[in-house]
Amino acid sequence: MKHLILAKSAGFCYGVRRAVELAQQQADNGTSCVMLGSIIHNRHVVEHFSEQGLHQIDTPQQAPVGCDVLIRSHGEAKAVYDQLEQQGNPILDATCPNVSRIHTLVKEAEQKGRVAVIIGAPNHPEVRAIAGWCQHPVVLDGVDSLAKFLDENPKYREIPLTFVSQTTSTREIWENSVNYAKKVCTNLEIFDTICNATFKRQSEAQKLASECDAMVVIGDRASSNTRHLVELCRQQCPLVFWVEHADELELDELRQVACVGITAGASTPGWIIKEVYDKMSEEILEIEESFAEMLEKSIKTLNTGEKATGVVVNITPTEIQVDLGTKHAGYIPVSEYSDDPTVKVEECVKVGDTIDAMVMRVNDGEGVVTLSKKRLDANKNWEEIEAAKDEKITVEGLVVEENKGGVVVNVKGIRVFVPASQTGLRRNESMAQLVKTTVRLRITEVNRSRRRVVGSIRDVSREEKAAAAAAIWNDIEVGKHYTGTVKSLTSYGAFVDIGGVDGMVHISELSWSRIKHPSEVVSVGDTVEVYVIKADAEKKKISLGMKNPNENPWETFLSKYEVGDVAEVKIVKLMSFGAFAEVVPGVDGLIHISQIADHRVEKPEDELTEGQMVEVKITEINTETQKISLSRRAVLQGADEVEDEE
C-alpha cells in the first residue's frame, strides 16, 4: 500500500449517533434501564453498554417492573409501545427520526384506505417495525418480488398503494421497484424515504471504490447498510474486504495493492474505524491524510462558541442535520434554530442550503457537533444593537409587553426597555396601546454583560415628526388635499394631523348640514380627506375644510326651488326676530316674525317650535349673499282665500 483514503461519510449516521448518545446518558446516570433489542447493529457497541450496566432484552415482557426501556434506532411496532405502556415501563425512544416519519406515513396511508408497500429486507428490524404500524402491510425486497406479488395478486394493480422504503435500501433497488409499479399500478402514492445520509455514504463509497485498487468496509455483519456498502463497492472494485474490527484485516493481500479506500457502515463507532485505519497506516509509506490529522483538523476548526458553516443534508421534525465538511456530524435542534416559536423550519431552510451556526458542544468521541443558529444570530444581533447605539441608527421592533416603568420592545430577538417617559405618550395615556405594535426607536444604553438595553421611541418620533412637519410647510398651498387623522375635538371644530402638522377644521367646514358638535360628523382616530383653506407659516396655523364642493347644498336648492314656490321646511332655530327653517339639508331660510302667522305675533315661540314642519312660500332669493326669505303668513292667507271662495 502506498495510499490510504478514508471516506468522509464513514461511521455513525445521525440517527445512530442520536441513539448511542441517549444510551450513554442512561449509562452515565446509572438509571435503571434496559435496551429492547440491539440499540444499533454493532455488537461491540452493545457489549460496551452491557459492561456499563445497560443490558439488552429481546421482548417487552422481559422488561423488569418499573424499569425504563430504550427503544432502538430501528424502531419498534406499535404493539410494542402499547405493551410497554400497559406494563408501566417508561419509554425512552431512540428511534431514528427518519424511521419515525415512515411509521407515520404508513399509519396515515391505512387511515385513508390505502395499502402500505414497504420496499426492504423483510426480516430487518427496521422493516418489521414499520410493518407493525399498519394492519395489512406488503413487504417486498425488490422489483422481482414486486412483479411476482402483483402477478399473483392482480387486484393490487387497482388498489390505492402507498410506497415507502427501508431507510438503508440502495437507490437502485428503490428506483427499479417504483418504476415498475408506475407501469402496472393505477393508484400510487410514493414517498422516497431512503435516508439522505445513507445515499450520500453509498455514493461516496462507490466513487472511492472506482478510484482504488482495494476497499475495506468496516461494520457489523448484522448491519444491512454495511452489507449494501459491500455490494456497491464490489460493483466498482474487484478486491473488497468486509471487517468488523482491526483484527480481521488481511494485511498480506493489502500490501500488494497501491491504493486502498476505507468506508464504514452507519453503525460503526469512530474508535473501531480509528483502530482499522491506524493499523493499516503502519503498513504504508505514504498516507493521503491520516485519521489523526483529520481529527486534529476537525477539533482545531470546531471549538465551542465559534462559528461553523455547513450544508443542510437532512431535516427532521426535531433536528436539522448539517455536513460541516469535517469528520464531525453537525446537527441543529429545532429549538436552537430560532427564538420565534411559530417559525416553521421546513419553510425557512431546505436540503442543500448553506447555513451558519454556533458550536455549542463538540463530542470528539462520537464525532458529533451540536450547533445553534439562534445563538449565532443573537451574537450578530448584539453587535448590530451596539453599532446602532454608537452610530445613532434608528431600529425597528415589536412591543411585546407593558410593565410598571415602561414597555419592552423585541429588537432582533433582544429585549429593549423603553421607560414610560421615552414612549412618546402623554402622561395620562395608557401604554397598553403600544403592545403588539411595531415601533421605531433609538438605542440609548447597552450593557451586554448584564444583557440590559434601553431605548427611546420619543426621540425618533420627535425627529420624524419634525422632518414631516418641515416637508408639509415646504409644500403646503391653498386648495391642496391631504389624508389626515382626527387628533382631538373641541366645541368649535376638529384638529386633524396631516402628516406631522395639525390643522383646524372649523365646525362650519365639517359638513354642509347644520351640526351642534363636531362629534356628529367625526371621531378621534378617524381617517379623513381634507383640503387647505388658509395656511400661515409664521403663526404655524392651518385652516382646513372637509366639505365636498361637489355636494354644495346651495346648488341643490337653486335647482329645486325659485321665488314663489311653496316648500315644506323644518324649524331649526327660534330668534327674537323670527325663525330659521331648513329648506334643504345645508340651506336655511328666515321666516321674519311678521311672516310667521296671519295675525300679530309677540314671540315666535308662541306659534312655532324647533323641529316642527311647516309650509312656507319662498318670497326672496339673494344669490350673492345666499340668503332666503320665507313666509308662512302668505301660505296661511292663501288658504283662507280659498276657504272664502268656497
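What you see is a predicted model, and the numbers here were worked out from it, not measured in a lab. Along the sequence shown, the residues carry numbers beginning at 1.
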query: Within a strict 4.5 Å, meaning less than it, do heavy atoms of the K541 and M504 side chains meet?
result: no
field: Exercise: identify the closest heavy-atom pair between W382 and R451
entry: NE1-NH2, 3.5 Å
message: Any salt bridge linking K540 with D536? Criterion: basic side-chain nitrogen under 4.0 Å from a carboxylate oxygen.
response: no
- prompt: Where is the tightest heavy-atom contact between V569 and A581, given as atom of each residue plus distance?
  reply: CG2-CB, 3.5 Å
message: When you measure from the side chain of E520 to the backbone of K516, do you find a donor-acceptor pair of N or O atoms at a distance under 3.5 Å?
response: yes
- request: Please determine if R448 and E386 form a salt bridge, counting it only when a charged side-chain N lies under 4.0 Å from a carboxylate O.
  value: yes
- prompt: Less than 4.5 Å apart, any side-chain heavy atom of E429 and any of R426?
  reply: yes
query: Checking D565 side chain against Y561 main chain: does a donor-acceptor pair fall under 3.5 Å?
result: no
message: Test your reading of the model: is there a side-chain donor-acceptor pair from D353 to the backbone of K350, 3.5 Å cut-off?
response: yes
message: When you compare the side chain of V496 with that of Y482, does any pair of heavy atoms fall below 4.5 Å?
response: no
- request: Please indicate whether K380 has more than 12 foreign heavy atoms, meaning atoms of other residues, nucleotides or ligands, lying under 6.0 Å from its NZ.
  value: yes
- request: Please say whether more than 12 non-hydrogen atoms of neighbouring residues, nucleotides or ligands are located less than 6.0 Å from NZ in K480.
  value: yes
message: When you measure from the centre of the six-membered ring of W133, is the NZ or CZ of K107 closer than 6.0 Å and no more than 45° off the axis?
response: no
field: Pair E602 + R600: basic N to acidic O under 4.0 Å
entry: yes
query: Are more than 12 heavy atoms from other residues, nucleotides or ligands located less than 6.0 Å from atom NZ of K617?
result: no
- prompt: Is K389 salt-bridged to E445, going by a charged N under 4.0 Å from an acidic O?
  reply: no
- request: Look at atom CD of Q135 and say whether more than 12 heavy atoms of other residues, nucleotides or ligands are closer to it than 6.0 Å.
  value: no
message: Check whether E110 reaches the backbone of H136 with its side chain - one donor and one acceptor, N or O, closer than 3.5 Å.
response: yes
query: Under 3.5 Å, is there a donor-acceptor pair linking the side chains of S449 and N447?
result: yes
- request: Look at the side chain of T619 and the backbone N and O of S629, then say whether any donor-acceptor pair between them is shorter than 3.5 Å.
  value: yes
- prompt: What is the distance from atom CD1 of I320 to atom CG of L371, rounded to the nearest 0.5 Å?
  reply: 10.0 Å
query: Is any side-chain heavy atom of T490 less than 4.5 Å from a side-chain heavy atom of F495?
result: yes
statement: Distance col, row T609:OG1 vs L574:CG, nearest 0.5 angstrom, shows 7.5 Å
Within 45° cone and under 6.0 Å: K373 NZ/CZ vs Y337 ring: yes
task: Please answer whether the main-chain N or O of V359 pairs with a side-chain N or O of T304 as donor and acceptor at a distance below 3.5 Å.
output: no
- prompt: Do L92 and I71 have side chains that get closer than 4.5 Å, going by heavy atoms?
  reply: no
field: NZ (K547) with more than 12 external heavy atoms under 6.0 Å
entry: yes
- prompt: Under 3.5 Å, is there a donor-acceptor pair between the side chain of D526 and the main chain of S523?
  reply: yes
query: Aromatic rings F577 and F580: how do their planes relate, parallel, tilted or perpendicular, breaks at 30° and 60°?
result: perpendicular
- prompt: V614 versus I571: any side-chain heavy-atom pair under 4.5 Å?
  reply: yes
field: K307 with D356: basic N within carboxylate O range, under 4.0 Å
entry: yes
- request: Say whether T394 and R440, considering side chains only, have a donor N or O and an acceptor N or O under 3.5 Å apart.
  value: no
query: Roughly how far, to the nearest 0.5 Å, is NZ of K182 from CG of L188?
result: 8.5 Å
task: Answer yes or no: is there a side-chain heavy-atom contact under 4.5 Å between T423 and R458?
output: no
- prompt: Ignoring hydrogens and geometry, is there a side-chain-to-backbone donor-acceptor pair from E391 to A388 under 3.5 Å?
  reply: no
field: Spacing of L636 atom CG and D598 atom CG [to the nearest 0.5 Å]
entry: 5.0 Å
query: Below 4.0 angstrom, N of the basic side chain to O of the carboxylate: do E607 and R633 qualify?
result: no
message: Between R114 and E108, does any side-chain N to carboxylate O distance fall below 4.0 Å?
response: no
query: Any sub-3.5 Å donor-acceptor pair from E555's side-chain atoms to N552's backbone N or O?
result: no
